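We name chains A, B, ... by the order of the sequence lines, and we start the count at 1 in each one. Worth saying up front: this structure is predicted, and the values here are computed from it rather than measured.
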Number of protein chains: 2
Amino acid sequence: MDIKSLCLGALSIGDASGYEIKKMFEEGPFSHFYDAGYGSIYPALNKLLEDDLVTCTEIEQESRPAKKVYSLTDAGLTYLKADLNQKPARDKTRSESIVMMFFGHLLSSSHREEILHSYIDYFRDGCTCLDDLDLSNQPNGRLFVRGLGLAVYEAAAKYLEENKDLLLSDDEERDFGDAA
Amino acid sequence: MDIKSLCLGALSIGDASGYEIKKMFEEGPFSHFYDAGYGSIYPALNKLLEDDLVTCTEIEQESRPAKKVYSLTDAGLTYLKADLNQKPARDKTRSESIVMMFFGHLLSSSHREEILHSYIDYFRDGCTCLDDLDLSNQPNGRLFVRGLGLAVYEAAAKYLEENKDLLLSDDEERDFGDAA
DNA sequence: TGACTATATATCAAAACGATATATATCAAC
DNA sequence: GTTGATATATATCGTTTTGATATATAGTCA
């Protein structure tokens with residue numbers, strides 16, 4: 001599974017432009033479990049078009065630049081279903097905020113505090129974002145996944161707030177027997 | 001912040017070989033918030049060596065292949081601290097399991113069930129892994145971060161188990177007005 | 001002896017990232 | 001009225017990262 005498959009998935013919900021697909025990753029239903037930028041999405045859509053897994057129509061708009069709207073073909077849906085029924089790869093995560101908290105004793109106390117509060121805000125905003133999704137009359141999988149995201153974000157925000165003193169109390173210069 | 005910084009961070013805990021650093025990402029204290037494979041770690045260590053941010057000693061071992069043990073230099077620690085005090089990038093996640101659950105209505109019910117149970121096991125194993133870490137007499141940041149990982153993994157496992165019926169009940173062929 | 005697992009390092013094509021460029025249009029400010 | 005900011009929209013490209021593969025030593029188990 002790669003960005004191409006995710007684009008097919010996005011188009012299985014409905015026709016969309018690259019810009020609109022990006023928004024699904026940024027603030028839409030994919031935001032809490034997959035990331036992709038323009039640099040991945042546009043090339044992916046072009047490859048899908050080459051392989052006839054999607055079609056493309058250029059649409060002129062009033063008071064906005066023209067956009068290219070992509071649609072899933074039958075072959076695209078078949079490909080997507082096959083890919084979705086494979087064995088999933090392990091989750092990949094990369095959190096620089098957590099890295100910084102892990103090495104909190106190497107941070108200035110003001111930076112440590114800043115990181116922590118920004119991270120709490122990040123989870124709170126994530127909850128709002130998921131709450132705002134309109135999932136009425138949609139497949140249960142989408143509701144289920146939104147619920148999972150909310151549960152995880154809420155648990156993270158709760159932990160961070162309830163235990164913030166543990167992080168903030170970290171000494172800057174105590175000796176832990178590390179090389180540092 | 002990139003893999004080079006993470007390697008410096010790993011070495012700030014103590015001298016280590018590339019293989020040992022990999023284990024920190026795989027089953028060690030980094031496992032729940034950062035990923036890196038050999039293909040990133042070995043080139044990173046070579047670049048760090050070139051820039052004199054680490055030193056390297058080849059160690060012969062009995063009944064095992066020789067290993068290259070890397071140590072942080074003063075310049076390396078300075079670089080690490082500077083990097084750690086920058087603004088963190090947004091979290092990046094990529095979960096194929098959640099993608100599959102999101103598009104659960106396009107999956108065979110047996111695959112849907114398989115995905116769900118494997119994912120519950122994944123979080124349960126993650127909890128065990130974090131529980132097994134020996135963090136005695138270590139900086140509070142490391143305890144704090146382990147606690148965060150546990151809180152998140154437990155919340156995820158709990159949600160998945162308590163709501164599994166919602167996912168499993170997803171119809172395969174209902175019409176949701178999607179392209180699919 | 002052969003198969004498997006664990007330790008250990010290395011490489012490389014393919015994929016993805018992320019920063020930048022370009023263009024149109026609205027809105028607010030000065 | 002024009003500067004600056006924001007939103008929509010597409011595209012490119014050097015750098016980084018991935019993930020699969022190769023290579024080698026050594027212990028274990030059948």
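For the pair A:E20 CD and D:dA7 C1', the interatomic distance rounds to 13 Å; values are reported in whole Å. The distance between atom CD of B:E62 and atom C1' of D:dT25, rounded to the nearest whole Å, is 14 Å. Distance CG (A:D2) to P (D:dA20): 12 Å, rounded to an integer number of Å. In this entry the distance linking CZ of B:R64 with P of C:dA8 reads 5 Å, nearest Å. In this structure, A:I41 places its CD1 atom 15 Å from P of D:dT12, rounding to the nearest Å. Following rounding to the nearest Å, B:I59 (CD1) and D:dT25 (C1') show an atom-to-atom distance of 17 Å. In this structure, B:M1 places its CE atom 12 Å from P of D:dT17, rounding to the nearest Å. One atom, CG of A:L6, and another, P of C:dC17, lie 10 Å apart when rounded to the nearest Å.
B:R124 has no carboxylate O lying under 4.0 Å from a charged side-chain N of B:E154, or vice versa, which leaves the two without a salt bridge. By the 4.0 Å N-to-carboxylate-O rule, A:E114 lies too far from B:K87 to be salt-bridged with it. A salt bridge links B:E20 to B:K67: one of the charged nitrogens lies within less than 4.0 Å of a carboxylate oxygen.
With C:dA16, D:dT8, C:dT9 as the choices, the nucleotide that has an atom nearest any side-chain atom of B:Y19 turns out to be C:dT9. Side-chain atoms of A:I3 lie closest to C:dA16 of the nucleotides C:dA16, D:dT10, C:dA8. Ranking C:dA8, C:dT7, D:dA11 by closeness to the B:K67 side chain, first place goes to C:dA8. Considering only side-chain atoms of B:Q61, the nucleotide from C:dA8, C:dA15, C:dT9 that sits closest is C:dA8. Distances were taken from every side-chain heavy atom of A:S63 (C-beta onward) to each of D:dA9, C:dA25, D:dT18; the shortest belongs to C:dA25. Proximity note for B:K92 (side chain, C-beta onward) versus C:dT11, D:dA9, C:dG18: the nearest is C:dG18.
Put simply, A:S40 has no side-chain N or O that comes within less than 4.0 Å of OP1 or OP2 on C:dA15. Residue B:Y42 places at least one side-chain N or O under 4.0 Å from the OP1 or OP2 atom of C:dT9. OP1 or OP2 of D:dT10 has not a single side-chain nitrogen or oxygen of A:Y38 nearer than 4.0 Å.
Annotation: A:F102 is in aromatic contact with B:F33 [ring centroid separation under 6.0 Å].
Using a 4.0 Å heavy-atom distance criterion, A:K22 is classed as making no nucleic acid contact. B:K23 comes within contact range of the sugar-phosphate backbone alone, with a heavy-atom separation under 4.0 Å but no base atom that close. B:G39 comes within 4.0 angstrom of a base, heavy atoms only. Across all strands, A:R94 comes closer than 4.0 Å only to sugar-phosphate atoms, never to a base (heavy-atom distances).
Of the residues near DNA chain C, B:Y70 and B:A89, the one whose nearest nucleotide (by heavy atom distance) lies more toward the 5' end is B:Y70. A residue-by-residue look at A:P65 and A:N46 shows that A:P65 has its nearest nucleotide of DNA chain D further toward the 5' end.
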* Asked: Taking it one step at a time, do B:Y42 and B:Y38 satisfy ring-ring contact (aromatic ring centres under 6.0 Å, His included)?
  -> CA-CA 6 Å; B:Y42 286 117; B:Y38 295 123; 5.7 Å; yes

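Scanning both residues, B:A10 and A:F103, for their nearest heavy atoms gives N-CZ, 4.2 Å.
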